Amino acid sequence: MERASPAAGKLNAGGRGAGDGHGPAGGAPPRAAAGGAEPGELIGRALDFKSEGAQCYKDKKFREAIGKYHRALLELKALLLLLSQEPAGQRPPAAAAAAAAAGLSEEQRQAVEAIEVDCYNSLAACLLQAELVNYERVKEYCLKVLQKEGENFKALYRSGVAFYHLGDFNKALYYLKEARSRQPTDTNVIRYIQLTEMKLSRCSQREKEAL
């Protein structure tokens, strides 16, 4: 479920995952408040939760995996609060993030970004395994990944799948073609491009008939 995992589709449907993706089960807080914790400790706990999520995914316990990935992200949020040195809500998010970054070593910054990208990618994958997929949330998670890694194949592909099922076929085609440019032979990408082009063709035909 992490970066080495293959892309999923709902035709292998673009993803993997169950659950509603709204947060960790029971809304449980991180294992410890930011106060009293060291950055390395919080990063280590986030890594542990991410690894536990990956194992849950392998065991097809998708709802549990979602909870673990959210717990990992909560640890990163606690890290940001710790390093921003101001109570939550009193500093703009961008300034808080900058303050957090300034308090980390280069290795720690890279670790935090990798954890965040892997968790959001994995959450999208988990959601795509649901019987009723929340494509809006899949889109949200994938776009978070693309903000940090604009060429991430899985996020591009799953964004395309999400936009397709949300009925935004132009955006779907854009992201799917971006994904194809990275992996030209991926059969799931090719199939979704074909489906999207069919939808666009039908929409164009209806517009002509309406004139």
Side-chain angles (χ1 to χ4, degrees), residues 1-25 46-77 111-168 171-193 195-196:
M1 270 270 325
E2 301 178 23
R3 301 185 180 217
S5 63
K10 204 160 188 174
L11 286 162
N12 261 331
R16 322 146 120 119
D20 57 13
H22 286 282
L47 279 169
D48 288 343
F49 278 126
K50 183 172 77 77
S51 296
E52 290 169 13
Q55 186 58 53
C56 288
Y57 180 83
K58 289 176 184 176
D59 294 338
K60 300 188 183 301
K61 298 176 181 178
F62 302 120
R63 190 174 293 275
E64 291 179 30
I66 287 171
K68 296 294 186 182
Y69 291 125
H70 277 294
R71 291 292 295 273
L73 291 169
L74 282 172
E75 295 292 344
L76 297 185
K77 183 179 287 188
V112 167
E113 186 162 311
I115 293 167
E116 194 172 11
V117 165
D118 283 344
C119 284
Y120 282 123
N121 244 341
S122 298
L123 283 167
C126 286
L127 289 175
L128 283 163
Q129 291 295 326
E131 187 174 346
L132 295 174
V133 178
N134 185 339
Y135 287 106
E136 190 65 41
R137 195 161 291 272
V138 171
K139 178 191 77 173
E140 174 190 334
Y141 290 151
C142 290
L143 293 181
K144 284 180 181 291
V145 173
L146 293 174
Q147 285 175 356
K148 294 183 178 296
E149 292 187 1
E151 297 190 358
N152 188 289
F153 169 76
K154 288 186 285 187
L156 288 168
Y157 168 54
R158 291 170 184 152
S159 292
V161 171
F163 277 114
Y164 173 86
H165 288 283
L166 291 169
D168 192 335
K171 283 188 178 177
L173 191 60
Y174 168 78
Y175 284 107
L176 290 165
K177 285 185 174 180
E178 287 293 304
R180 185 178 63 182
S181 72
R182 277 118 186 118
Q183 294 194 24
T185 60
D186 187 281
T187 56
N188 291 320
V189 174
I190 292 169
R191 174 63 173 152
Y192 261 103
I193 286 175
L195 289 172
T196 305

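The structure presented is a predicted model; accordingly, all values stated were derived computationally and were not measured.
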Rounded to the nearest 0.5 Å, how far apart are [atom1] of [X] and [atom2] of [Y]?
| X | Y | atom1 | atom2 | value |
| --- | --- | --- | --- | --- |
| Asn188 | Ile193 | CG | CD1 | 11.0 Å |
| Asp168 | Ser159 | CG | OG | 11.5 Å |
| Gln183 | Tyr157 | CD | OH | 11.0 Å |
| Tyr69 | Asp118 | OH | CG | 8.0 Å |
| Ile115 | Ser122 | CD1 | OG | 12.0 Å |
| Leu173 | Leu195 | CG | CG | 11.5 Å |

Side chain to side chain, [X] and [Y], heavy atoms closer than 4.5 Å:
| X | Y | answer |
| --- | --- | --- |
| Phe163 | Leu176 | no |
| Leu123 | His70 | yes |
| Leu146 | Tyr175 | yes |
| Arg158 | Asn121 | yes |
| Val133 | Val138 | yes |

- prompt: So, are Arg182 and Glu178 salt-bridged, with charged N and O less than 4.0 Å apart?
  reply: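 Here Arg182 pairs with Glu178 in a salt bridge, since their nearest N and O are under 4.0 Å apart.
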message: Are there over 12 heavy-atom neighbours, none belonging to Glu151, within less than 6.0 Å of that residue's CD?
response: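 No, the 6.0 Å shell around CD holds no more than 12 heavy atoms from other groups.
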query: Angle class for the His165/Tyr135 ring planes (parallel below 30°, perpendicular above 60°, tilted otherwise)?
result: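 Plane angle under 30°, so parallel.
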message: Between Glu116 and Leu73, does the side chain to side chain contact (heavy atoms under 4.5 Å, CB included) criterion hold? Intermediate values first, please.
response: CA-CA 7 Å; Glu116 194 172 11; Leu73 291 169; 4.1 Å; yes
message: Testing Lys144, Gln147, Glu149, Lys154 one by one against Val117 for a side-chain contact (heavy atoms from CB on, under 4.5 Å), which residue passes?
response: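 In the set Lys144, Gln147, Glu149, Lys154, the residue that makes a side-chain contact (heavy atoms from CB on, under 4.5 Å) with Val117 is Glu149.
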- request: Might you point out which heavy atoms bring Ala65 and Gly53 nearest each other, and give the distance in Å?
  value: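 For Ala65 and Gly53, the tightest heavy-atom pair comes out as CB-O, 3.5 Å.
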message: Would you say the rings of Phe62 and Tyr57 are close, in the sense that their centroids are separated by under 6.0 Å?
response: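 Close enough - the centres of the two rings lie under 6.0 Å apart.
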